[in-house]
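Below: the structure, in structure tokens.
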Amino acid sequence: MRDSIRAHPFRWFYAIAFGIASLLWTYAVVAEIVAPDAYGPGQSLVDHYFTVRAEVLAAHPLIAAHPDGVPATLLSYWAVPLVFPFLFFPGAPTTAALIVVAAGWGKSGLKALLSLYHPLRGSLGWREGARLYLTLLLLVAGVAALAGTVTWLRAGDLALPGLIQGFGLQSAAMFTSAWLVALFANQGALLEELGWRGFAWPLLVHKFGVPLVAAVVLGICWALWHFPREVPLLLAGQNTLPRLLAGQSVFIASCVGMTIIAGYFVNLSGGSVWPAIIVHGSFNMIGSAMRFELPGAGGSGQVHISLMVLWIILAAAVLLVAGRDLGWQRRMALHGGDGNTDPSRLWSKEGSN
């Protein structure tokens, strides 16, 4: 098995990550089918969780400032222990990466992978690193402002309450809590990115030879990995098949665009996963802020301004600046000129054949 993992690390990584996700959501599907009224008439496990989650977040507004954050998620899962295993859904890519490097390269592999949590990799100095992260945060702020403006122009003043809540603009405390958690402790970003942009990104660059191609492939794989989570929502009647298919098409395009952006900033940092965590967290934060109900309009009045176009435009801008290299040569330069000191070289060179 060790030889197989070292020869095909991405296949093993993706199979394990997808397997964990599928197993968890199979559990949810079985619960929906076997016990549709487990918590009362029309209250299955999924229904009950969302009901309790709403109550928990309403009781803790500061934690709920970014409801997709790790703090809010842990609080919600604590209230409904049977859903606690789902914390391993966003954690599946990182878990898979840890399993693969441990099985294939042992302690040296684990040490190399975990070192990617350092915000500055290679010879990147703190001054250049500070400029890099400041640029990234300003970029996020610009995307958020543009997305909010577009929504307001399209929906008018009725959109303002939803935007204020979505972006945490009720108070300074809410704003600070919302954005700190979104940028640094969003559950999807914090728990996934060591797998996607830490382990898989350099592996696919070495495999395909062209970073842009690797970004497109990884973006599609990343988007499709989310699909098992949609099945329980279909069974619970919280989504419809036509809406799901349309949404997935937009989601795939958005994930490809975001992967191009995240991959570029990861490369400029020398391979740290923190730029990816920030981009991913802002992606989720801004996307959530764009989904709300217009007062008095009911479900049919839902406003959902997709960020796909914004992310694609931003990805195109990155391509204009960096080309299809996406900053990969800069990453190599930060690691001895040829990438020899890049921790990811341990698994990416051997598994690229």
- Item | Straight-line distance of R6 CZ to M1 CE, nearest 0.5 Å | 15.0 Å
- Any donor-acceptor pair under 3.5 Å linking the side chain of Y264 with the backbone of A322? no
- Given the rule that I, L, V, M, F, W and Y join up when any side-chain heavy atoms are under 4.5 Å apart, are V34 and L45 in one cluster? no
- Is there a donor-acceptor pair closer than 3.5 Å between any side-chain N or O of H335 and the backbone N or O of T341? yes
- CG on D157 to CG on L163, rounded to 0.5 Å: 10.5 Å
- Is it true that a side-chain atom of S272 and a backbone atom of H118 form a donor plus acceptor pair closer than 3.5 Å? yes
- Task: Test R53 against T73 for side chain to side chain donor-acceptor pair (under 3.5 Å), laying out the working first.
- Result: CA-CA 9 Å; R53 174 178 167 83; T73 300; 4.6 Å; no
- Minimum side-chain heavy-atom gap S115-R121 below 4.5 Å: yes
- Flag the pair H8 / Y14 as yes when at least one side-chain heavy-atom distance between them is below 4.5 Å, and no otherwise. no
- Message: Can you tell me how the ring of F89 sits relative to the ring of W25, calling it parallel under 30°, perpendicular over 60° and tilted otherwise?
- Response: perpendicular
- Task: Determine whether W201 and S348 make a side-chain contact, defined as any pair of heavy atoms from C-beta on separated by less than 4.5 Å.
- Result: no
- Query: Sub-3.5 Å donor-acceptor pair from the side chain of W179 to the main-chain atoms of F167, do we have one?
  - Reply: yes
- Do other residues, nucleotides or ligands put more than 12 heavy atoms under 6.0 Å from Q248 CD? yes
- Query: Side chains of Y39 and D47: closer than 4.5 Å at any heavy-atom pair?
  - Reply: no
- Message: Are more than 12 heavy atoms, taken from residues, nucleotides or ligands other than F88, located less than 6.0 Å from that residue's CZ atom?
- Response: no
- Message: Hydrophobic clustering (ILVMFWY, side-chain heavy atoms < 4.5 Å, transitive) - are M174 and I63 grouped together?
- Response: no
- Message: Tell me the closest heavy-atom pair linking I16 and A96, and the distance in Å.
- Response: CG2-CB, 3.7 Å
- Message: Within the 4.5 Å heavy-atom criterion, are V181 and V70 side-chain neighbours or not?
- Response: no
- Message: If hydrophobic clusters are built by linking Ile, Leu, Val, Met, Phe, Trp and Tyr wherever their side-chain heavy atoms come under 4.5 Å apart, do V213 and F199 end up in the same one?
- Response: yes
- Task: Could you state whether I164 and L62 fall into the same hydrophobic cluster, counting links through intermediate Ile, Leu, Val, Met, Phe, Trp or Tyr residues with side-chain heavy atoms under 4.5 angstrom apart?
- Result: no
- Item | Approximate separation, where rounding is to 0.5 Å, of L134 CG and L139 CG | 11.0 Å
- Message: Can you tell me how the ring of W222 sits relative to the ring of W196, calling it parallel under 30°, perpendicular over 60° and tilted otherwise?
- Response: tilted
- Query: Is D68 close to Q187 at the side-chain level, that is, under 4.5 Å between some pair of heavy atoms?
  - Reply: yes
- Task: Check the side chains of H280 and N186 for a donor-acceptor pair under 3.5 angstrom, ignoring hydrogens and angles.
- Result: no
- Do the side chain of W347 and the main chain of G109 share a donor and acceptor less than 3.5 angstrom apart? no
- Message: Rounded at 0.5 Å granularity, tell me how far CZ in R324 sits from CD1 in I260.
- Response: 13.5 Å
- T176 side chain to A173 backbone, donor-acceptor under 3.5 Å: no
- Heavy-atom pair of closest approach, residues L74 and L87: CD2-CD2, 3.8 Å
- Heavy atoms only: give me the nearest S76-L57 pair and the separation to one decimal. OG-CD2, 4.1 Å
- Does some side-chain heavy atom of S108 sit less than 4.5 Å from a side-chain heavy atom of L346? yes
- Message: Please tell me whether Y49 and Y77 form a close aromatic pair, meaning their ring centres lie under 6.0 Å apart.
- Response: yes
- Query: Does S288 use its side chain to pair, donor to acceptor, with the backbone of N284 at less than 3.5 Å?
  - Reply: yes
- Query: Rounded to the nearest 0.5 Å, how far does CZ of F265 lie from CG of L326?
  - Reply: 11.5 Å
- With side chains defined as the heavy atoms from C-beta onward, is the minimum distance between P275 and R197 less than 4.5 Å? no
- Query: Would you say the side-chain atoms of Y133 pair up with the backbone N or O of P119, donor to acceptor, closer than 3.5 Å?
  - Reply: yes
- Just checking, is any N or O donor in the side chain of R345 or N340 under 3.5 Å from an acceptor N or O on the other one? yes
- Task: Would you give the length of the straight line joining atom OG1 of T259 to atom CZ of F283, rounded to the nearest 0.5 angstrom?
- Result: 9.0 Å
